[in-house]
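For reference, the structure discussed in these notes is given below.
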Amino acid sequence: LYRGLGLPILIGASRKIGRLLPGQTPKDRVGGSLAAAISAVSRGASIVRVHDVAATRQALEVWREIHQP
């Protein structure tokens, strides 16, 4: 709906994935946060709110290079 209106989509899943990774502390969830950010961007998110900016940026840059036509 929001994409159809031309509005940017923001996702803030960074480290909030504890239910998916039981027993891990937030600091142990960096890999999962990277996966969530990549998944969100691949589905149209324009903005991702993250704690690990450098790691997320690197992951997204690599993902984009791999998925370029």
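These values consider heavy atoms only, across backbone and side chains, with no hydrogens, waters or symmetry-generated copies.
T56 contributes a side-chain N or O that, together with a main-chain N or O of D52, makes up a donor-acceptor pair within less than 3.5 Å. When atom types are taken as modelled, the side chain of S42 and the backbone of S39 share a donor-acceptor pair closer than 3.5 angstrom. A donor-acceptor pair is defined here as one N or O able to donate and one able to accept, closer than 3.5 Å; such a pair exists between the side chain of R29 and the backbone of Q24.
Residues I38 and V53 fall within the same hydrophobic cluster, defined by Ile, Leu, Val, Met, Phe, Trp and Tyr side chains chained together at heavy-atom separations under 4.5 Å. Residues I11 and V50 share a single hydrophobic cluster, defined by chaining ILVMFWY side chains whose heavy atoms lie under 4.5 Å apart. A continuous path of hydrophobic side-chain contacts links V48 to W63 [ILVMFWY only; heavy atoms under 4.5 Å].
A 4.5 Å side-chain heavy-atom check between L60 and V41 finds at least one atom pair inside the cut-off.
S46 approaches P8 most closely through the heavy-atom pair OG-CA, 3.6 Å.
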